[in-house]
Protein chains: 2
Amino acid sequence: MGGDYLAGPQGLLRSINARAVLDVIDREGPLGRPEITRATGLSKTTVAQALRELVAREVVDEAGTDTARRGPAATLYRVAPRCAFGLGVDIGHLRVRVAVVDAAGEVLARAEAPAPRRDAAALADAVTALASECAERAGTGLAAVGQAVIGVPAIVGRDGRGIRRAYGLPQGGQGLVEAIERGLPMPLLLENDVNLAAVAEQRFGACADVGDFVLLGVGVGLGAGIVLGGRLHRGFAGGAGEVGFLPHPATELGTEVLGARRIAEQARAAGIAGRPSPRELFESARDGDERALAVVDATARRIAHVAASIALVIEPELFVLGGAVGANADLLLGRVRHHLARDAAPLPITVIPSGVPEDAVLRGAAWLARHHARERAFAAATGAPPQDADPGGRPYDTDSAGRPRGSRKAAPGKEDTT
Amino acid sequence: MGGDYLAGPQGLLRSINARAVLDVIDREGPLGRPEITRATGLSKTTVAQALRELVAREVVDEAGTDTARRGPAATLYRVAPRCAFGLGVDIGHLRVRVAVVDAAGEVLARAEAPAPRRDAAALADAVTALASECAERAGTGLAAVGQAVIGVPAIVGRDGRGIRRAYGLPQGGQGLVEAIERGLPMPLLLENDVNLAAVAEQRFGACADVGDFVLLGVGVGLGAGIVLGGRLHRGFAGGAGEVGFLPHPATELGTEVLGARRIAEQARAAGIAGRPSPRELFESARDGDERALAVVDATARRIAHVAASIALVIEPELFVLGGAVGANADLLLGRVRHHLARDAAPLPITVIPSGVPEDAVLRGAAWLARHHARERAFAAATGAPPQDADPGGRPYDTDSAGRPRGSRKAAPGKEDTT
DNA sequence: ACCCTGAGTAGGAAAGTTTCCGACCTACTC
DNA sequence: GAGTAGGTCGGAAACTTTCCTACTCAGGGT
């Protein structure tokens, strides 16, 4: 429920304090006891007690000593890197990528392979094979990995399992989760790839301290990863951010405004022969090819159009240009800004290039997996309810505070609830 | 709120438990001690202690007894209606409305008057005069009112004070807050009118248990009140929901898709003479006037267009049709649905009529004012940090998981490390 | 029809347990 | 020698369990 404090026995207090200590250590890196004491406001004694417990439960490590001050060396504490592992998977149109990370966020192993496009079973096999390989190389083994997050080019239901609309998955993604699940021992969570890119942007990129932003993923299709209040916004059934289908004057309804296909089409229209890939087109544009530049400009214009529409609805603090096509910020960014300034909304709109050029989806997936795995380990260790159940895994809890209650008389004995 | 548990002394536990008791009482209406004990999981003794404190602080009342069971009569506890009062104001284009509500949500007094349109000072005077009158009639006096929320037809900054774009305020709303502030003793909060209508919808209307919904306010202009995760979404600078400016094929950029002016224009185009108001137009349509019906249909079509665009961005659970024009659900709803089904997005979209036909903005404002006033009273009484800092009043507390952020502490007497 | 008794409930008080905090102490390093 | 890290002990705060009293309804006997 929305926000009730949970009442509880004194034990609750211990949980809370343990969690607070853990959080400080997590945030501020290796820390000595006195610093933890200052940061939490707890007493030395309590901090010591909490640390004893956390170390015993192996979520916190001693990590060397701090001899900066005079006096005895302070032992430093950190989150134990091996207290949780996460498995990130990026199922792309062409390739499958997998990474295993530890609780500290360190990438222990990474692997990739071509994506089998025949059927879901083959795809699942590829994923599990890569995962096993990675877990092996990471020295953990699959069993130690607490959570897997799998990025797919599809609309994913909020349960993190159902695939509602797959853009490039064999058999529309039918049976994919189940097949992968059979091959992997840990809990799985599916997630839209653009959403994961947004997570990566938030955690490793330019949006570290931005509460509301939108990642525009321009690639095979166009999608938006929407982060509001620091959390992914998925929509009622996971369909938020499907901005590729926003109405556009020059595009018929129900087709995508922008994407590889659309770009190719524009290239033909511009009189460019052959069937250059977007990559080649942008190369030509960089070489000064006028027609390619025209296509680039048209692309930028559509991006601007979409960004303006999004801004009118949710007004994020900024937009990030991502995706394979969006990565050509050198060519696109100026033009997008130009079009935005020229005919866009009454609101000023900021667009910046992605801060995660490589493996954005994979890194986002791995981060989220690590987050969940860690959260579970932390909860188990502190006895506290999970801290932030999820900046990307489950629905918001609905607000429960202060619902209207009709005025009720003090009539004895009647107890109507509705 | 986002994140960290705050560590603290044992006193914290008392706060937490007091708050839990208070919440249960608030949610479940008048309650006896045994029920509170069951609901919170606390022991009888602790509940008794908490209640003693809450009653002493006058946020909780004894309200009769419950003699349903056999045995001694259980005394019932409820939130004291007089522990906090809220003042709601709706500054409309034509009229100003004011209401005073108590902590139970009861409307104690309501008043309205024509809105002076000359200058902000006159408008402010009208507001304060009505407010004084209401507070008088309510028997509380202005000084007892803990919070005022003022709905305006404008984009309001997230601080709840700045007016960024006023649609129908004298002098663009310049100096309005300050002028009202001089006349009212309690803290003020400005809020966009459509946002308040959305709050009303959430609290009194059809969206009581809906986490994500959008209120489409169709009136003098077109705006959307966006509720995500049970909270108002205002956007980075309060500009979210300005969907009136969404691009529309048949409308030039920078002008509103829909609104009284646009409707009048369409009426002219349809060959309707005179300058019928939207109300008259809808009346004619009800009488079967073909040309008026055409205008209605065009209006519905544009509403559908806007709803489809919004849905592609945030995919709310449902849309609510509100506002003076939107209130003609009998004529509009079917047509909107028709157009949505015909050419809309890949997503199914649900549209329902408003459940708050009267005074939506005013009621939303009053609810929010009451909420803040109450929250403050509760916080003071329990010593706990505010429960839900705001389902509509201030920025999100910030991010949640795992990002650098100063820790908070509840311990006395040490210097704060932020 | 009336009364008496038994059972179940509300509320309170005392003893016990958990947890945090402040103060004091030791050991270590500059 | 001074300042700091870390540990231990007694005290205070807060919750729980247990016990106790008072109250009221139900049901059966008179």
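Chain identifiers are assigned alphabetically (A, B, ...) following the order of the sequence lines, protein sequences preceding nucleic acid strands; residue numbering begins at 1 within each chain. Hydrogens, waters and symmetry mates play no part in the numbers below; they use all other heavy atoms, side chains included.
Summarising the geometry, the separation between CD on B:Gln49 and P on D:dA13 is reported as 13 Å, rounded to the nearest angstrom.
Residues B:Arg376 and B:Pro187 have side chains in contact (heavy-atom distance under 4.5 Å, counting atoms from C-beta outward).
The listed nucleotides are C:dC20, C:dG12, D:dG3; the one nearest the side chain of A:Asn17 is C:dC20. Distance from the side chain of A:Leu13 is smallest for C:dC20 among the nucleotides C:dG11, D:dT17, C:dC20. The A:Thr46 side chain lies nearest to C:dC21 when the options are D:dA5, C:dA7, C:dC21. Distances were taken from every side-chain heavy atom of A:Arg70 (C-beta onward) to each of D:dG1, C:dT9, C:dC28; the shortest belongs to D:dG1. Each of D:dT16, D:dA5, C:dA23 was ranked by its minimum atom distance to the side chain of A:Thr45; first place goes to C:dA23. Distances were taken from every side-chain heavy atom of A:Pro34 (C-beta onward) to each of D:dT16, D:dG6, C:dC20; the shortest belongs to D:dG6.
For the pair A:Gln10 and A:Arg69, nearest-nucleotide mapping onto DNA chain C gives the more 5' position to A:Gln10. Summary of the strand contacts: A:Val47 and B:Arg52 both lie near DNA chain C, and taking for each the nucleotide with the nearest heavy atom, the more 5' one is attributed to B:Arg52.
Residue contacts for B:Gly11: at a heavy-atom cut-off of 4.0 Å it reaches the sugar-phosphate backbone alone, with no base atom in range. Nucleic acid contact for A:Thr67: none, since no nucleic acid atom lies under 4.0 Å from a heavy atom of the residue.
Contact record, B:Arg69 with B:Asp66: NH2-OD2, 2.7 Å, taken as the closest heavy-atom pair.
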Begin from the C-alpha positions of A:Leu368 and A:Leu189 and carry the test side chain to side chain contact (heavy atoms under 4.5 Å, CB included) through to its verdict. CA-CA 9 Å; A:Leu368 213 52; A:Leu189 220 45; 5.7 Å; no

Apply the test salt bridge (charged side-chain N to carboxylate O under 4.0 Å, His left out) to residues B:Arg19 and B:Glu375: give CA-CA distance (whole Å), side-chain angles for both, the deciding distance (0.1 Å), then the verdict. CA-CA 11 Å; B:Arg19 182 73 210 207; B:Glu375 210 48 55; 2.8 Å; yes

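Contact annotation: side chain of B:Lys44 to base of C:dG12, donor-acceptor pair present below 3.5 Å.
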